[in-house]
Visitor: 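Below are the structure tokens for one structure; questions will follow.
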Number of protein chains: 2
Amino acid sequence: MAKALGRPPTSVDIARAAGTSQATVSRALNGGRVAAATRERILAVSRELGYTPNATARAMVTSRTGLVGVVVSDITNPFYPEFLEEIAACLGARRQHMLLQNAAGGDEADAVDLLLQQRVDGIVFTAAVEGSGAVADLVARRFPVVLANRVTDTGCDTVEGDNAAGAAAVVDHLAGLGHRRIAVLAGTPGASTSAQRLAGLRRRLAALGLPPARVVPADFHYDDGVRAATALLTGPEPPTAIVGHNDLLAFAALNAAAALEVPVPERLSVVGFDDVRQASWPILGLTTVRQPLAGMAARSVELLNERIADPALPPRHEVLPAALVVRSTTGPARA
Amino acid sequence: MAKALGRPPTSVDIARAAGTSQATVSRALNGGRVAAATRERILAVSRELGYTPNATARAMVTSRTGLVGVVVSDITNPFYPEFLEEIAACLGARRQHMLLQNAAGGDEADAVDLLLQQRVDGIVFTAAVEGSGAVADLVARRFPVVLANRVTDTGCDTVEGDNAAGAAAVVDHLAGLGHRRIAVLAGTPGASTSAQRLAGLRRRLAALGLPPARVVPADFHYDDGVRAATALLTGPEPPTAIVGHNDLLAFAALNAAAALEVPVPERLSVVGFDDVRQASWPILGLTTVRQPLAGMAARSVELLNERIADPALPPRHEVLPAALVVRSTTGPARA
DNA sequence: CCCGGTGCTGGAGACGTGTGTATACGTATG
DNA sequence: CATACGTATACACACGTCTCCAGCACCGGG
């Protein structure tokens with residue numbers, strides 16, 4: 001194995017050593033029609049020389065790289081690593097691979113540009129919001145794109161959890177516990193998940209005849225969440241329940257409450273969205289809406305590959321069920 | 001921008017449209033000697049046609065991809081996303097990009113193989129342990145490799161925190177609080193960080209004349225940590241302090257304690273390693289050894305690029321300072 | 001007028017691979 | 001025996017870019 005010290009060996013080197021043509025080497029390694037003895041010899045030689053096919057050269061001629069770009073908005077949000085792990089697994093099963101771009105700071109256009117330069121076969125966007133119109137541009141060019149956990153009015157494939165149903169379940173749960181002053185830590189303005197969850201909450205509150213929720217922007221970030229929750233809890237008429245548009249925001253609310261010595265769930269109930277792994281830790285025990293993580297990843301990869309195979313496909317929109325998981329951060333509202 | 005519907009335009013297309021040769025287009029876009037008027041025209045045309053340089057074709061001729069492979073052992077361990085974010089930032093400043101491989105499950109050899117096929121310029125390994133000898137093989141072939149937060153006896157560059165000093169600081173802190181029965185949730189057997197932290201703990205315990213620590217393997221995984229900590233706490237002579245070789249293991253200990261209704265820090269003190277962001281959350285408040293994350297990332301990228309420039313460099317080993325951060329999971333040992 | 005130098009541009013080869021087309025060989029068939 | 005056919009291989013080209021080298025125009029000095 002540890003043979004190549006200079007330039008790595010090429011299929012031409014293999015061909016020379018095996019006494020055949022380069023074309024035969026290519027066919028032998030890719031399952032073409034080659035005599036068994038020849039194939040055997042070529043495989044032996046290529047093993048001996050430590051041959052590694054050059055993916056860039058292959059991409060040149062096939063115009064397929066086998067790479068799929070994945071754009072996330074903040075990789076330190078624990079939701080994303082879990083999602084990426086699923087995505088990577090689905091891609092690996094198809095012998096594709098992930099080129100990750102972290103678009104924190106809003107340089108989504110830069111991220112897309114890089115992925116295009118690398119000639120990825122398609123892109124999965126999970127970033128919360130599009131600021132640059134980069135996605136619309138790609139769709140207009142018929143470049144294969146899937147939006148995971150996010151939708152837009154651009155005509156591309158989308159996969160998401162049932163945010164409205166999840167939000168309704170949250171309201172039912174809180175209302176059942178007697179909560180009437182409910183506040184929301186909202187995600188990035190313009191993010192579809194945030195908008196849907198908010199709409200679902202409002203609709204259900206109205207349907208139950210409850211007062212509207214107070215909505216505070218928190219941009220899906222922990223620090224913003226702590227600031228916003230602190231302001232809510234120290235202001236006039238503090239809420240008896242806070243719904244984070246994100247588990248990270250819900251954790252922020254828990255921490256703000258702890259810092260202010262507001263006991264949870266006795267004086268404050270907290271609910272999140274996503275059900276990241278930490279949410280199920282006993283010391284956190286967050287009540288939250290579970291996102292169908294594995295399903296979203298699997299469908300995203302499938303839809304993307306279908307579109308790569310046929311870019312003219314009509315846009316598909318899939319909604320996967322989401323379910324409320326009740327743990328220990330919610331309890332009866334104080335009388 | 002949204003022009004290209006068929007094949008994306010090439011530099012030849014630009015040349016044709018601008019009335020020059022392809023060579024001049026290449027020079028104009030890469031800062032070669034070109035008349036100002038010609039450059040202007042070429043830039044205008046390439047913008048108009050929505051030209052995106054083909055990185056695979058460039059890689060063919062320059063034998064540089066600008067891609068750096070990064071191998072992690074478990075991306076859902078929050079340490080890694082934080083580290084990756086730093087790495088990506090350092091790479092981005094050098095116009096390089098990250099090709100991530102999650103080697104969970106021990107398929108490190110597969111991960112390396114893929115990265116080599118993609119012809120990455122170098123690889124940063126942060127995976128906890130090498131099972132396959134893949135790293136040794138790469139080093140023997142003089143392929144640029146840096147080990148971050150991990151060392152081996154193979155002669156390649158390494159960057160790590162001062163694990164021994166960190167461990168000593170942990171022992172001093174616990175001893176000062178009166179702890180004598182200290183247990184350790186150890187990481188993957190063979191992981192250098194684990195070995196160093198363990199050695200540091202043992203040495204300091206011996207130096208202080210304290211009894212040796214009980215060591216339980218937990219493989220750096222949360223679930224293993226919970227099982228191990230539960231066994232410790234329910235067994236005979238339960239420890240008064242548990243040191244996780246990892247913040248994740250420390251959190252596991254906290255959760256095991258919570259499930260058993262063992263109060264922290266009154267009856268059990270818990271310490272971790274890494275200082276991930278969650279550790280500083282008020283509701284967790286984990287006492288832990290801070291890893292010099294940004295510094296490790298920056299030095300890893302710098303060392304890797306130096307080695308890419310000159311593969312014959314002698315191996316360098318850098319140790320960055322680590323510091324104990326005392327929060328609320330440690331307290332005096334019960335009399 | 002000739003010659004050398006400078007500044008810009010075009011031609012052409014290379015990088016490593018996949019694949020369509022042609023060729024050599026052996027066998028079966030009429 | 002001649003033709004047809006199937007199998008296995010070789011030849012050649014294309015993919016898009018960078019870069020070396022040569023060529024061209026222009027200019028100033030001898």
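Residue numbering restarts at 1 for every chain, and letters A, B, ... go by the order of the sequence lines.
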Visitor: Can you tell me the distance, in whole Å, between the CG atom of N54(B) and the P atom of dC15(C)?
Guide: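 Going from CG in N54(B) over to P in dC15(C) covers 18 Å.
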Visitor: Short question: side chain of N77(A), backbone of Y80(A) - any donor-acceptor pair under 3.5 Å?
Guide: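 Not at all, since once roles are kept as given, no pair shorter than 3.5 Å links the two residues.
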Visitor: Does S21(A) make a side-chain N or O approach to OP1 or OP2 of dA10(D) shorter than 4.0 Å?
Guide: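 Answer is yes, contact under 4.0 Å.
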Visitor: Send over the distance from Q117(A) CD to dG16(D) C1', rounded to a whole Å.
Guide: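 After rounding, the reported distance stands at 13 Å.
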Visitor: Students often get this wrong, so: under 4.0 angstrom with heavy atoms, is T20(B) touching a base, only sugar-phosphate, or nothing?
Guide: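 If one applies the 4.0 Å heavy-atom cut-off, T20(B) turns out to touch the sugar-phosphate alone, with no base involved.
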Visitor: Distance-only, no hydrogens or angles: does the R41(A) side chain make a donor-acceptor pair with backbone N or O of A18(A) under 3.5 Å?
Guide: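 The answer is yes, because a donor-acceptor pair under 3.5 Å joins these two groups.
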Visitor: How is A23(B) classified with respect to the nucleic acid when contacts are heavy atoms under 4.0 Å: base, sugar-phosphate, or nothing?
Guide: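 Base contact - A23(B) has a heavy atom under 4.0 Å of at least one base atom.
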Visitor: Taking only side-chain N and O atoms of T24(B), does any of them lie within less than 4.0 angstrom of OP1 or OP2 on dT9(C)?
Guide: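 Indeed not, no polar side-chain atom of T24(B) lies that close.
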Visitor: Is the distance from OP1 or OP2 of dT17(C) to the nearest side-chain N or O of Y51(A) less than 4.0 Å?
Guide: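 Yes, because at least one side-chain N or O of Y51(A) sits under 4.0 Å from OP1 or OP2 of dT17(C).
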Visitor: Out of dG18(C), dA12(C), dA8(D), which nucleotide sits closest to the side chain of R33(A)?
Guide: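 For the R33(A) side chain, the nearest candidate turns out to be dA8(D).
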Visitor: V34(B) or S26(A): which one's nearest nucleotide on DNA chain C is closer to the 5' end?
Guide: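 Whichever sits nearer the 5' end wins; that is V34(B).
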Visitor: Between dG16(C) atom C1' and L116(B) atom CG, what is the distance in whole Å?
Guide: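 For the pair L116(B) CG and dG16(C) C1', the rounded distance is 16 Å.
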Visitor: Using heavy-atom distances to pick each residue's nearest nucleotide on DNA chain D, tell me which of Q22(A) and A36(A) is more 5'.
Guide: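 The answer here is A36(A).
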Visitor: Classify T10(A) by what it touches in the nucleic acid, base, sugar-phosphate, or nothing, heavy-atom distance under 4.0 Å.
Guide: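 T10(A): backbone/sugar contact only, no base atoms under 4.0 Å.
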Visitor: Among dC18(D), dG18(C), dG16(C), find the nucleotide with the atom closest to the side chain of M60(A).
Guide: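 The closest nucleotide is dG16(C).
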Visitor: Taking only the side-chain nitrogens and oxygens of N30(A), find out if one of them lies under 4.0 Å from OP1 or OP2 of dG18(C).
Guide: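 Checking dG18(C) against N30(A), a side-chain N or O does come within under 4.0 Å of OP1 or OP2.
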Visitor: If only atom types and distance count, is the side chain of D219(A) paired as donor or acceptor with the main-chain N or O of G187(A) below 3.5 Å?
Guide: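 Checking the backbone N and O of G187(A) against the side chain of D219(A), no donor-acceptor pair under 3.5 Å is found.
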Visitor: Indicate the atoms forming the closest heavy-atom contact of P53(B) with R119(A), along with that distance.
Guide: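 Closest approach of P53(B) to R119(A): O-NH1, 3.4 Å.
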Visitor: NA contact type, V25(A), heavy-atom cut-off 4.0 Å: base, sugar-phosphate, or nothing?
Guide: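 Result for V25(A) = nothing.
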Visitor: Should the side chain of R27(A) and the base of dG20(C) be counted as holding a donor-acceptor pair, with the cut-off at 3.5 Å?
Guide: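 Flag set: donor-acceptor pair detected.
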Visitor: Between C1' on dT9(C) and CD1 on I42(B), what's the gap in Å once rounded to a whole number?
Guide: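 Atom CD1 in I42(B) sits about 10 Å away from atom C1' in dT9(C).
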Visitor: With a 4.0 Å cut-off on heavy atoms, is S63(B) in touch with a base, just the backbone sugar-phosphate, or nothing at all?
Guide: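 If one applies the 4.0 Å heavy-atom cut-off, S63(B) turns out to touch nothing in the nucleic acid.
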Visitor: Does dT17(D) have OP1 or OP2 under 4.0 Å away from a side-chain N or O of T62(B)?
Guide: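 Checking dT17(D) against T62(B), no side-chain N or O comes under 4.0 Å of OP1 or OP2.
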Visitor: Which whole-number value in Å describes the distance from R16(A) CZ to dA10(D) P?
Guide: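 It works out to 14 Å between those atoms.
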Visitor: Inspect the contact between E306(A) and R94(A) and indicate whether a charged nitrogen and a carboxylate oxygen are less than 4.0 angstrom apart.
Guide: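 E306(A) and R94(A): not salt-bridged.
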Visitor: Between D113(B) (side chain) and A109(B) (backbone), is there a donor-acceptor pair under 3.5 Å?
Guide: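 A pair under 3.5 Å: no.
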Visitor: From CZ of R58(A) over to P of dG16(D), roughly how many Å is that when rounded to an integer?
Guide: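 Rounded to whole Å, this separation is 18 Å.
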